[in-house]
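Since the structure comes first, as structure tokens, the remarks are kept for the end.
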Amino acid sequence: MAPTKGDSGSLSRREFLGASATIALASESVLGTARGEDAAQSRPWYSVMRRCGQINYNERDPLSIDPDAWMDYWASLEVDAVLLNGGGILAFYPTRVPYHHRSQFLGSRDVFGEMAAAAKKRGLRVVARMDCNFAYTEALDAHPEWFEHNADGSPRTHNECNWLYKTCTFSSYFTEQMPAIYREIASQYPVDGFFTNGWPSTTAPEVCACSNCQEIFRAKIGGIPPEHTDASNPLYRKYYEVYMDRVLEIWKLWDTVAKEKNPNSVYVGNLGGGISTVKSVKKLADVAGWFNADHQGRSNDTPIWNCAQQGRVAQSVMNGRTITNVTGAYSNSSITWRHTAKAPAELTLWLAQTTASGMVPWFHWLGGSPEDNRWRETGRAFYQWLAANEPHFRNRRSLADLAVLYPQSTIAFYQQVKGVQSTDYLQGLYYALLEGRFLFDFVHQENLSAAMLRKYRALLIPNAAYLRDSECEVIRDYVRAGGSLLATFETSRYREWGDPRPDFALRDLFGASVAGETIGPYGNSYLRIERPHDVIRGFEGTTLLPCPEYRVPVRAAGAEPPILSIVPHYPVFPPEMVYPSTPKTDEPGVLFREQGNSRVAYFPGDIDRSLWRSGNADLSQFLQNAILWVQGRERPQVSVKGEGVVELFAWETEPGYALHLVNYTNPNMTRAFVRRFYSVGPQQVEFAVPESKRISSVRALRAGRSLDFKQEGAIVRWEVPSILDYEVVALT
Ligand SMILES: [Zn+2]
């Protein structure tokens, strides 16, 4: 474990290292001693990294950039590593690789070399930030085969900078030119890794019309794939596989090249996308030593918790390995301003979610000579607080007792209900989980296994319409073994690419079969409460609840009358016509089953998406009731009662346990940007620890104070007096 300020007396780790004469050697030996445990297990440096930063300089910066001033700044944030622009589009050093274009302002400088040396002098690791996506005309003239082409034969240009041409992932630019550049940099500079901006990303694969790609399509796919995502097309399915294979081949090649000179080096690609992904994050994570989420901020109506969601997606495939998340300090809204800072409160909440969800923050500014310097202190204050409490951010495992299935196939390819956002189902469930203050993890559908699910009391499935037979089998076994399940809408109705099944693959668990085509979109339909049930508590005073906008008509397997029945939609206008033509049916609106400890709740309607689209409070309460019911009778791992919209994460850490509470209570919660915080009052916490574990201290790290607590058996109770932006309560 790295020393913190507290461990090394009045000197911070960086000051301590900076005082050393033979810096490069000293940093290795000091870190080696301080991280003896890691050295013994030969864990790579980036697996114990807790903070990093990036100055993304531009072509003109060699005229004015001051490497020492920049590295003083990053050292003051106590970062472990800095990302520094090496080359790709532009070389920031005197390269000899043909067609590797030098910055026109480089002159006699070696900006990358100077920046790297200044970083090393302060004991910071250096990752060369590269760009493999574009190159100049001289490269196009010499190697047209390196570039993407349009169907009319023209090379593809950058949409703003039309003197740059888009490189083709299937070309030797990726297998020869980029490795040549990496090797040149590794041979001349003390780099600890390589990162590529913008590649491969998690967005939809693009389709290139260059002659090489046409040949690959003919040979490997049997035709030209469609330009847009269309998993109903067999050519698209093959293309997706061929494209993913190519990305993995390049990732592995670049990681091998990165390690040639320095076995502790690493290649890290650019991923991200929050909960919206098309390229398989599971496959990417299988080759990634380090997952970097380029999820720098939000815009418009994206909810503030989008960064925590990114953390959960990445955790669902990285199983505890290093994940970083880039936070843009500039104003990256839907109108982008690269050279002015975003509101400090928004910036801080993004960094807070990064660390709460177990990711490592990567603080990012563009331009080597900023005129706006307001962002600097926001990052420094947060990073110094992190550094001062570093052991408590070294997580061993999540303590969540609920699993939410991350349904990537559905999110990537769902086309059955036209015009809907495929992420809305997950967003709606997430909103209910937030309002109910549940503790949960995402589990990627391709990581489903008995071992993975064993620790969870229930699996919650937000419309995983596209599921493999094997995935359904794991879910079935989990429920048979006593696990509980909540699922919505078309879950298991289709195979992984969207081919329909005759019925739900999980119909035995749901206790219901498909009785017709999916119905909707209809407002003004209802669920009529027919019989009492735990899940419909709190709805006294009404026999009608809102029915979701879409639903699968189902036939119950059993003969019992429904607990809630469907009232089909009727006109909203004119008021004279607003009455039900069919006030009563026996179509079930929800199904609950109980067998031993296992409880199953199945919603034939898209209650999650309808909640997200409408904001309806009844739908949220109904979902929360159902989650509580499937969670079972036993006490949850953690309960936090109090006012406010607060997201929870709980971790077993190296020194003990940590409960993270992120306060989203804010008029800008669902509309960017947060400009100030609104404090929430006392929170009553009950936290379960192993019976044999005696807790000796409960400390609020953000408030910087110890909290009174009581432990009775396995339960530790305390009050958090208030939360401004974020609180981390450390139990040791
Ligand atoms: Zn191509």
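Just follow the structure's listing: the first ligand is 1, and inside any ligand the first atom is 1.
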Salt-bridge test for Glu184 and Arg96: reply yes if a basic N is under 4.0 Å from a carboxylate O, no otherwise.
-> no
Everything protein-side that's N, O or S and under 2.8 Å from the Zn ion (ligand 1): list it, residue and atom.
-> Cys168 SG, Cys208 SG, Cys210 SG, Cys213 SG
Considering only NZ, NE, NH1 and NH2 on the basic side and carboxylate oxygens on the acidic side, decide whether Asp80 and Arg50 come within less than 4.0 Å.
-> no
Are any of the side-chain heavy atoms of Val247 and Leu284 separated by less than 4.5 Å?
-> yes
Cation over ring face, Arg129 and Phe195, 6.0 Å, 45° = no
If you measure only the distance, is there a donor-acceptor pair under 3.5 Å linking the side chains of Asn150 and Ser154?
-> yes
Exactly one of Lys283, Lys279, Lys220 clears salt bridge (charged side-chain N to carboxylate O under 4.0 Å, His left out) with Glu241, and that residue is Lys283
